[in-house]
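Accompanying notes for the structure given below.
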Amino acid sequence: MHIQFTNTHPANVRLIARIVNQGDTLGDLDAALSEGAPAARFKGSAGQVFESFVSADGSVNRIALAGAGEKDAETRRLNIERAGGALMAKYLRSGEAEMVIDLGHAELSAEEAAAVLTGVRLRAWAYDEYRTKLAAEKKITLEKVHVIGAPEGTEAAWEEQAAIAQGVEFTKQLITLPPNVLYPESFVAMCEEAFAGTGAEITVLGEDEMAKLGMGALLGVGQGSAKASRLLAIRWNGGKDGDKPTVFVGKGVTFDTGGISLKPGPGMEDMKWDMGGAGAVAGGMLSLVSRKAKANVIGVMGLVENMPDGNAIRPGDVLTSMSGQTIEVLNTDAEGRLVLCDALHWAQEQYDPARIVDFATLTGAMIIALGHEHGGVFANDDELAEQLLGAGLATGDKLWRLPIGPAYDKLIDSPIADVKNVGPRGAGSITAAQFLHRFIKKGTPWAHCDIAGMVFSDKPGATHDKGATGYGARLIDRFVADNVE
Ligand code: BES
Ligand code: MN
Ligand code: ZN
């Protein structure tokens with residue numbers, strides 16, 4: 001979506017939108033709107049849209065009112081995003097090619113005005129590359145948004161938010177691409193392209209290097225796949241020299257069949273987005289790098305494909321991780337923790353992080369517990385957990401904290417190795433977190449975000465269409481902005 005600021009109303013654009021708060025009077029508008037809107041029960045609540053065609057000076061204009069909710073709402077910023085998003089939901093494929101958005105009527109601050117545009121840009125993202133026979137009336141038509149009436153400072157605020165949006169779009173793209181196109185090496189290639197020229201430093205470990213380092217767990221998951229595994233690190237030194245980095249680690253299973261513990265067929269295609277943690281980390285890093293965040297941050301992604309094969313790992317195998325801890329594999333479908341334990345250990349050895357936060361579509365049990373409203377967060381540090389919860393509330397990438405502790409930890413003791421990769425039936429998301437915790441060094445603040453329910457949606461939302469949500473990128477960006485910068 002092309003978003004352009006202007007002082008004067010472009011004469012040839014007939015679709016004109018304005019943001020309306022709940023309770024705003026519409027007295028300055030044509031009666032078709034001022035009387036039509038209340039008659040149609042338009043109240044200005046967040047995400048509501050009312051439109052009417054109005055003739056003026058011999059031409060017909062299409063006027064849209066987008067609701068932003070109450071002015072003093074606690075979730076004001078997100079409500080305003082919803083207004084922008086709702087306009088895209090309605091007009092992106094409407095036949096209209098251009099739209100004017102008038103930001104001059106809703107008493108918006110510059111930040112809030114830019115939030116309208118964030119909603120516009122994020123909700124307008126779509127991936128139609130492979131839909132070569134898409135009916136004409138389903139194609140995207142809206143290409144340009146002219147912004148008028150923006151309060152002073154909106155352009156600068158938008159510049160920053162546009163940089164953040166770029167990261168969210170990157171996350172959505174990675175999640176959306178099919179698994180024959182997005183696999184470990186192509187994931188790396190996409191990042192190399194996205195970060196080229198930004199000043200971010202990219203490190204890629206191949207299988208030989210990982211084998212030398214002893215990453216038997218991560219490599220074990222990938223060994224049934226024809227696609228080579230990769231460990232990817234993206235480093236951004238925007239902070240002070242000598243400030244210990246904040247490290248984000250992502251699960252990047254580009255396709256999870258379950259391996260020898262094969263998943264059932266129906267719905268298996270969903271497991272293309274089992275790289276959602278790595279997608280969030282890559283997108284979050286791109287947001288940070290694009291807005292030149294004043295922080296030292298590193299994103300580490302463990303990239304593998306989990307396939308059944310004559311060479312695949314078996315239930316019963318014992319793997320040796322880079323940390324030296326041995327792992328009894330009871331279920332090859334509990335592969336994410338095997339990938340993460342080596343990525344987490346390597347990241348701690350390599351970077352001596354001030355704090356480390358991992359993102360992973362780790363357990364189906366997380367969806368049973370929290371549905372698609374919150375990701376789960378587990379942490380060995382209360383402050384870190386609070387900071388993540390706060391960033392979640394601010395961005396709409398919401399999290400809910402769950403417990404960890406010694407009683408849960410005992411459940412993954414193995415009779416033959418140091419740890420087993422699955423616990424009993426109960427508390428599946430917690431025992432997965434306990435597994436990761438065993439690979440965190442004493443004294444390092446760590447949090448694990450299980451985002452299995454969040455990266456993909458079967459229905460449209462405020463800032464996404466059906467499909468990839470972009471979850472996590474803004475969470476990461478905001479966490480750094482509020483707590484590290
Ligand atoms: N990638 C899955 C988790 C998942 C399942 C994410 C459904 C999103 C939707 C993960 O690798 C997995 O298969 N976990 C198993 C763990 C079990 C074998 C202990 C699960 O959740 O069933
Ligand atoms: Mn699995
Ligand atoms: Zn998985």
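Sequence positions, counted from 1, serve as the residue numbers for this chain.
Closest of all the heavy-atom pairs between Leu370 and His374 is CB-O, 3.5 Å. The minimum heavy-atom distance linking Thr118 with Arg77 is given by the pair OG1-NH2, 4.2 Å. When every heavy atom of Ile412 is checked against every heavy atom of Gln434, the shortest pair comes out as CD1-C, 3.8 Å. The nearest pair of heavy atoms linking Ile260 to Ile313 is CG1-O, 3.4 Å. Across all non-hydrogen atoms, the minimal contact from Val300 to Ala347 is CG2-CB, 4.1 Å. What you find for Lys251 and Val253 is that their closest heavy atoms are CE-CG2, 3.5 Å.
For the pair Phe359 and Met454, the minimum side-chain heavy-atom distance is 4.5 Å or more. In this structure, the side chains of Met275 and Ile175 come closer than 4.5 Å at one or more pairs of heavy atoms. Counting only heavy atoms from C-beta outward, the side chains of Arg438 and Asp409 approach each other to under 4.5 Å. At least one side-chain heavy atom of Val204 sits less than 4.5 Å from a side-chain heavy atom of Glu192. Contact annotation: the side chain of Ile234 approaches that of Met301 to within less than 4.5 Å [non-hydrogen atoms, C-beta and beyond]. For the pair Lys292 and Trp236, the minimum side-chain heavy-atom distance is below 4.5 Å. Residues Leu340 and Leu362 are in side-chain contact: their nearest non-hydrogen atoms beyond the backbone lie under 4.5 Å apart. The closest side-chain heavy-atom distance from His437 to Asn380 is below 4.5 Å.
For the pairing with Ile327, the side-chain contact (heavy atoms from CB on, under 4.5 Å) check across Asp418, Thr320, Val318, Leu338 returns one residue only, Leu338. Residue Asp128 is tested with Lys139, Lys133, Arg93 for a salt bridge (charged side-chain N to carboxylate O under 4.0 Å, His left out); the sole match is Arg93. Evaluated for a side-chain contact (heavy atoms from CB on, under 4.5 Å) with Lys172, the options Leu122, Val455, Asp465, Thr469 yield exactly one hit, Leu122.
Counting non-hydrogen atoms of other residues, nucleotides and ligands closer than 6.0 Å to CG of Asp208 gives a total of 12 or fewer. In this structure, Lys410 places its NZ atom where only 12 or fewer heavy-atom neighbours from other residues, nucleotides or ligands lie under 6.0 Å away. The environment of Lys43 atom NZ is sparse: at most 12 non-hydrogen atoms of other residues, nucleotides or ligands sit within 6.0 angstrom. A 6.0 Å sphere centred on CD of Glu269 holds more than 12 heavy atoms belonging to other residues, nucleotides or ligands. Around CD of Glu159, the count of heavy atoms belonging to other residues, nucleotides or ligands within 6.0 Å does not exceed 12.
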Quiz item: Is there a side chain to side chain contact (heavy atoms under 4.5 Å, CB included) between Arg131 and Lys138 once you walk through the steps?
Solution: CA-CA 10 Å; Arg131 307 171 84 186; Lys138 288 190 177 155; 5.6 Å; no
Quiz item: Asp382 and Arg401: salt bridge (Lys or Arg N to Asp or Glu O under 4.0 Å), yes or no, with the steps?
Solution: CA-CA 10 Å; Asp382 293 341; Arg401 191 172 182 189; 3.0 Å; yes
Exercise. Tell me, with the steps shown, if Phe439 and His345 meet ring-ring contact (aromatic ring centres under 6.0 Å, His included).
Key: CA-CA 6 Å; Phe439 295 83; His345 182 80; 7.7 Å; no
Quiz item: Hey, mind stepping through Cys191 and Phe170 against side chain to side chain contact (heavy atoms under 4.5 Å, CB included) and telling me if it holds?
Solution: CA-CA 9 Å; Cys191 288; Phe170 190 46; 4.0 Å; yes
Quiz prompt | Pair Leu218-Met210, side chain to side chain contact (heavy atoms under 4.5 Å, CB included): steps then yes or no | solution = CA-CA 9 Å; Leu218 186 153; Met210 289 192 274; 3.8 Å; yes
Quiz item: Given the rule in the side chain to side chain contact (heavy atoms under 4.5 Å, CB included) test, do Trp446 and Lys441 qualify, once you have shown the distances and angles that lead to the verdict?
Solution: CA-CA 9 Å; Trp446 157 79; Lys441 294 189 176 154; over 6 Å; no
Quiz item: Do Glu185 and Lys227 pass the salt bridge (Lys or Arg N to Asp or Glu O under 4.0 Å) test, and can you show the C-alpha distance, the side-chain angles, and the key distance before you say yes or no?
Solution: CA-CA 8 Å; Glu185 281 179 285; Lys227 306 285 189 202; over 6 Å; no
Quiz item: Would Arg355 and Glu383 count as a salt bridge (Lys or Arg N to Asp or Glu O under 4.0 Å) if you check the C-alpha gap in whole Å, the side-chain angles of each, and the deciding distance to 0.1 Å?
Solution: CA-CA 11 Å; Arg355 56 194 72 76; Glu383 188 187 12; over 6 Å; no
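Using the six-membered ring where Trp is involved, Phe479 and Phe248 have ring planes that are perpendicular, over 60° apart on the 30 and 60° scheme.
Listed for the Thr332 side chain is a donor-acceptor partner under 3.5 Å among the backbone atoms of Ser261. In this structure, the side chain of Asp450 does not engage the main chain of Gly376 through any donor-acceptor pair within 3.5 Å. Gln166 places no side-chain N or O within donor-acceptor distance of the main-chain N or O of Ser290, the cut-off being under 3.5 Å. In this structure, Asp309 contributes its side chain and Gln223 its backbone to no donor-acceptor pair below 3.5 Å. Side chain of Thr75 to backbone of Asn79: no donor-acceptor contact under 3.5 angstrom is found. Checked by atom type and distance alone, the side chain of Asp317 never pairs as donor or acceptor with a backbone atom of Val329 at under 3.5 Å. Under the 3.5 Å distance criterion, the side-chain polar atoms of Gln48 are matched with a main-chain donor or acceptor of Gly44. Between the side chain of Asp397 and the backbone N or O of Tyr471, no donor-acceptor pair lies under 3.5 Å. Listed for the Asn421 side chain is a donor-acceptor partner under 3.5 Å among the backbone atoms of Asn331. Using modelled atom types, one side-chain atom of Thr395 and one backbone atom of Ala391 make a donor-acceptor pair closer than 3.5 Å.
The CZ atom of Arg230 sits 13.5 Å away from the OG1 atom of Thr203 when rounded to the nearest 0.5 Å. The structure places OH of Tyr408 at 10.0 Å from OG1 of Thr431, a figure rounded to the nearest 0.5 Å. Between the OG atom in Ser287 and the CD atom in Gln161 there is a gap of 11.0 Å [rounded to 0.5 Å]. Atom CD of Glu201 and atom CG of Asn237 lie 6.5 Å apart (nearest 0.5 Å). Taken from CG in Leu177 to CD in Glu129, the straight-line distance is 9.0 Å, to the nearest 0.5 Å. If you take CG on Asp381 and OG1 on Thr444, they are separated by 10.0 Å, rounding to the nearest 0.5 Å.
Side chains of Ser429 and Thr363: a donor-acceptor N/O pair is present below 3.5 angstrom, by distance only. No hydrogens or angles considered: nothing links the side chains of Asn306 and Thr257 as a donor-acceptor pair under 3.5 Å.
In this structure, the ring of Tyr351 has its center less than 6.0 angstrom from the ring center of Trp346.
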